[in-house]
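Read the numbers this way: they start at 1 and go in the same order the structure lists the ligands and their atoms. When a residue number appears, it is its place in the shown sequence, counting from 1.
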Amino acid sequence: MPGSVKTEAVVLRSMRFGEADRILHLYTPHRGRTSAIAKGVRRARSRFGGRLEPYFRLHMVLYDGRSDLMTVTSAQTISGHPRLRESAASLDSAARACDAVSRLFATEDPHPGVFALLCNELALLDAGNGAGNTHATHANQLAFRLKLLLAAGLAPQLAACASCGESDHLSGFSGSAGGVVCSSCEASGFALAQEAHEFLTGALGSPLADVPRAGELALRQADRAISETLEHHANVRLRPALPG
Ligand SMILES: [Zn+2]
């Protein structure tokens with residue numbers, strides 16, 4: 001039945017449409033990823049101002065009529081994350097985070113935890129800027145992806161060999177097996193240094209604000225572990241976690 005929907009939302013993408021409109025991809029707590037059209041938003045005196053831009057967190061009222069797209073009736077800013085926009089690295093991290101949510105949670109299935117995680121990530125990228133301590137790092141992006149995997153029910157098995165259950169000599173990682181593998185089962189995966197294994201375990205277990213440190217080689221291995229898990233179990237290939 002047609003009617004209005006009140007929801008919080010993060011703008012994932014904002015695309016020009018026609019003369020003066022925009023189509024928005026939104027992530028919401030209870031309607032997952034959804035789309036809406038904002039009419040007249042590109043006119044100078046639009047009542048929406050500049051609020052319907054990527055990475056804004058908003059209170060929205062959407063009209064759900066008979067068409068595929070809902071229509072934006074109103075939008076109030078909760079946070080525009082202005083400091084995030086002052087640094088190319090933070091903007092890039094925010095774009096990768098939104099892209100990851102968009103691809104891994106592409107339906108209207110509700111995942112309020114994913115919405116909270118995305119809001120947390122955007123707030124961290126915003127807060128880190130200017131203080132000289134940025135969260136726009138490879139480690140942060142990997143930790144964010146690991147938490148998305150956890151929310152999707154796809155967290156890699158890290159405590160014992162994912163193939164045979166052995167709890168010692170865990171020296172590899174296999175995306176198809178779904179976690180770390182022991183030296184006997186390593187042929188199904190690639191070598192994973194202890195530091196990378198510790199990073200994966202630590203990042204899953206700590207808040208995004210306190211992502212463990214790790215060297216570049218360990219981070220590259222952790223990155224590969226996350227990418228192969230996503231490819232094997234979610235059939236999703238994300239943009240690289242690092243630019244370049
Ligand atoms: Zn094994």
Side-chain angles (χ1 to χ4, degrees), residues 27 32-33 92-93 96-107 109-118 120-121 124 135-244:
Y27 201 78
R33 198 188 90 173
D92 186 81
S93 284
R96 282 166 209 272
C98 285
D99 187 66
V101 167
S102 187
R103 292 200 208 195
L104 196 50
F105 296 92
T107 69
D109 292 344
H111 289 281
V114 171
F115 178 78
L117 185 64
L118 179 61
N120 186 8
E121 172 73 350
L124 276 178
H135 290 276
T137 61
H138 194 190
N140 170 275
Q141 191 72 215
L142 295 179
F144 181 73
R145 289 179 179 195
L146 272 172
K147 289 171 188 297
L148 290 183
L149 279 174
L150 183 65
L154 299 173
Q157 182 174 325
L158 298 173
C161 175
S163 288
C164 74
E166 168 72 50
S167 54
D168 292 322
H169 312 294
L170 301 171
S171 55
F173 189 96
S174 162
S176 56
V180 293
V181 286
C182 71
S183 44
S184 315
C185 302
E186 201 183 313
S188 68
F190 62 89
L192 187 80
Q194 193 182 346
E195 188 188 3
H197 188 179
E198 284 167 4
F199 173 81
L200 290 169
T201 308
L204 261 179
S206 37
L208 269 181
D210 297 317
V211 172
R213 287 171 186 276
E216 199 43 51
L217 176 65
L219 291 177
R220 278 206 301 274
Q221 289 182 347
D223 197 339
R224 183 172 172 192
I226 293 164
S227 300
E228 293 194 3
T229 302
L230 279 164
E231 283 173 31
H232 277 280
H233 299 283
N235 231 342
V236 169
R237 186 181 274 258
L238 297 182
R239 291 157 61 181
L242 263 190

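Residues in residues 187-199 take part in these side-chain hydrogen bond (donor to acceptor under 3.5 Å, both in side chains) pairs, two or more places apart or across chains: Q194-E198.
Protein N/O/S atoms found under 2.8 Å from the Zn ion (ligand 1), listed by chain and residue number: C161 SG, C164 SG, C182 SG, C185 SG.
Looking only at side-chain heavy atoms (C-beta outward), L204 and L200 stay at 4.5 Å or farther from each other.
Between the side chains of E121 and H135, no donor N or O sits under 3.5 Å from an acceptor N or O.
In terms of the side-chain hydrogen bond (donor to acceptor under 3.5 Å, both in side chains) criterion, residue partners of S174 (sequence neighbours excluded) are, by chain and number, S176. Applying the salt bridge (Lys or Arg N to Asp or Glu O under 4.0 Å) test to R213 and every residue at least two apart in sequence or in another chain returns nothing.
Both the sub-6.0 Å distance and the 45° axial angle are not jointly satisfied by R224 relative to the ring of F173.
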